[in-house]
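Worksheet: the structure to be examined is printed underneath.
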Amino acid sequence: MAGPQSPSPQEPPVVAMRLSSLFLRTLREDPADAEVPSHRLLVRAGYIRRTSPGIYTWLPLGLRVLRNVERIVREEMDGIGAQEILFPALLPREPYDASGRWTDYGDNIFRLQDRKGNDYLLGPTHEEMFTLAVKDMFSSYKDLPLALYQIQIKYRDEARPRAGILRGREFVMKDSYSFDIDDAGLDVSYQAHRDAYVRIFDRLGFDYVIVQAMSGAMGGSRSEEFLATAVNGEDTYVHCPNCGYAANVEAVQVPTPEPIPYSGLPAAHVEDTPDTPTIDTLVASANAHHPRADGRAWTAADTLKNVIVMLVHPDGTREPLAIGLAGDREVDEKRLGAQVEPARVEAFEEKDFAAHPSLAKGYLGPGVLGSERPSGIRYLLDPRVVPGTAWITGADEHGRHVFDLVAGRDFTADGTIEAAEVRDGDACPSCGSALESARGIEMGHIFQLGRKYAEALGLQVLDEQGKLKTVTMGSYGVGCSRAVACIAEGNHDESGLIWPRNISPADVHVVATGKDEEVHAFAEELTGALEAVGVGVILDDRRAASPGVKFKDAELIGVPTIVVVGRGLADGTIEIKDRRSGERREVRTDSAVSEILAEIGRT
RNA sequence: CGGGGUGUGGCGCAGUUUGGUAGCGCGUCCGCUUUGGGAGCGGAAGGCCGCAGGUUCAAGUCCUGUCACCCCGACCA
């Protein structure tokens, strides 16, 4: 699937695909298991076939498209001096043990054993292998900087694969890694990759946005994602229309307000608030029985909600964690999960409350929360809960709350955490304007990995002073098979696919209608002439198929230019049709080749 | 992992309520006709009705168990 079999860019495919013999069967009806347009159409048009859940076979047309995506990626990687190699997909356990990912990846990794009972895995990404390969061969600062990449089939045992090849358990991904002696070098390597990615995604032809991201299970610092904008995307990101800031919702940093002086703030006081275990009941009770002095009504934003979750660390240990945030916001599980990775978040259950008698469910407060407090539970605050802010919060007794409890003065926590939901209208951390949210599909991810793997696997080189120095790495991925689905998502209509020219399985789809020998003879002649100048052709040379069938198939398959050889031939004309706009024009047969070349943007 | 749904020729589906010779459309094959928008007529091939038990003279249909798959959510690139 990867590199070696791919056509080189110097030799574009010039042998026409004839529908009379192409390994293709289009379907008139949508497959029952396909929901999203890309999945439906790629199966219907005969590009892919499902083999197993989340695992697909690439048929001739689909493979052409995938190869075209790979070609673009390859050209841009080569363009920044990255060198292509290819690791096995089947990998031994040891390197992943050394990095900790054998356990950190959990059930998402495909594991298997050989006949001797040795553990193996199907590679989800190859950080370890790249690191070890460099360690194996290079040992001097003079060998750096270095960038290596592969285009490889990856495996992740997704809990729920979906949407065809948009999110499968087996997928084709380009992953590359940079190796530098110092942080300055890493910055240069990172920027080179970033520039290459901009070129890749421009050439792939879909709308995308670059957002700040979390570095995820792989560790690291600077991190950006390339998201294809799509209303049905899986990832939520926010962007600022004023300054251009954009970030994955998991990575949004809430701007921290200035602390407020304590002077003049009333003292904290505990009040009876019976039957107020929820924020709504608390606000209602507070307004009814303990109205504010200034006449404004209490709102949920005046309350400090304390949520407890159970963290499950990779080694199985369970740790409760309390999060304090304004009562008008929910904890965003994705944001929380990203913060506590690689730990997993589970619910804090009744039995857990039973194990912590100091906790009064529904009336939790900072009086007992915190490592140094009676519960001993680590307590982290939303960054907006700055010193000087006053809150209504639980008094740690059933039916009682404390009012005017001031952060910093009356309570402290173990730190802050970015776990509160991000809402449209929240302040941009860069300029303070209102943020807007949108959806996208992650197509690429670049980040500064740092020394995590180099340290774990002992990748060091000698520096100018002859001293061993740990190498710093960058990691960069592009989902090639996902890109195929993503491009299909953005380029189709009711009739079928509409490929951008540079990734279409062919340049031209020639339809020969009818059974008239002259029509077929001319279609063959035209196809030969196009092949000769390097134009990729799909030729519908089926004698028995009716014109309607051929037109429908051409539209379904989605080659951007359709050439019809048929009834006009008697008058010396053929028809050139633009798949996307539907515009058609007749041209003289004697200028057919030059007209088609002009149509497809070649001269 | 929670919720919902579905397993019947290559694809899409009916049949299950009320047990009685396994059907329809598309696709495929043969013949004739047809050829500018998924053609017509005639003929044909192709199914352990997911799997395993059970009830019954008889099970696609009823009972028990089990497996698989799809969708929503959780999770994840």
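Any value given below was found using the heavy atoms of this structure, including those in side chains, with hydrogens, waters and symmetry copies removed. Residue numbering restarts at 1 for every chain, and letters A, B, ... go by the order of the sequence lines.
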Same-atom distance ([atom1]) from [N] to [M], integer angstrom:
N     : M     : atom1 : result
B/G37 : B/G23 : P     : 36 Å
B/C63 : B/A44 : C1'   : 40 Å
B/U6  : B/A14 : C1'   : 15 Å
B/G10 : B/G47 : C1'   : 12 Å

- Message: Less than 4.0 angstrom between a side-chain N/O of A/Arg160 and OP1 or OP2 of B/C76, yes or no?
- Response: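 For B/C76, OP1/OP2 do not have a side-chain N/O of A/Arg160 under 4.0 Å.
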- Do the side-chain N or O atoms of A/Arg50 get closer than 4.0 angstrom to the phosphate oxygens (OP1, OP2) of B/C70?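 Answer yes for this pair, as a side-chain N or O of A/Arg50 is under 4.0 Å from OP1 or OP2.
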- Query: Below 4.0 angstrom, N of the basic side chain to O of the carboxylate: do A/Glu127 and A/Lys452 qualify?
  - Reply: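 Not counted as a salt bridge, because no side-chain N and carboxylate O are separated by less than 4.0 Å.
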- Query: In terms of side-chain geometry, is the basic nitrogen of A/Arg423 or A/Glu421 positioned less than 4.0 Å from the acidic oxygen of its partner?
  - Reply: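 Salt bridge present between A/Arg423 and A/Glu421.
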So what does [X] hit on the nucleic acid, given a heavy-atom distance under 4.0 Å: a base, only sugar-phosphate, or nothing?
X        : result
A/Arg25  : sugar-phosphate
A/Arg169 : nothing
A/Ala32  : sugar-phosphate
A/Asp235 : nothing
A/Arg542 : nothing

- Message: Which is more 5' along RNA chain B, the nucleotide nearest A/Glu234 or the one nearest A/Gly548? Just name the residue.
- Response: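 Final value for this comparison: A/Gly548.
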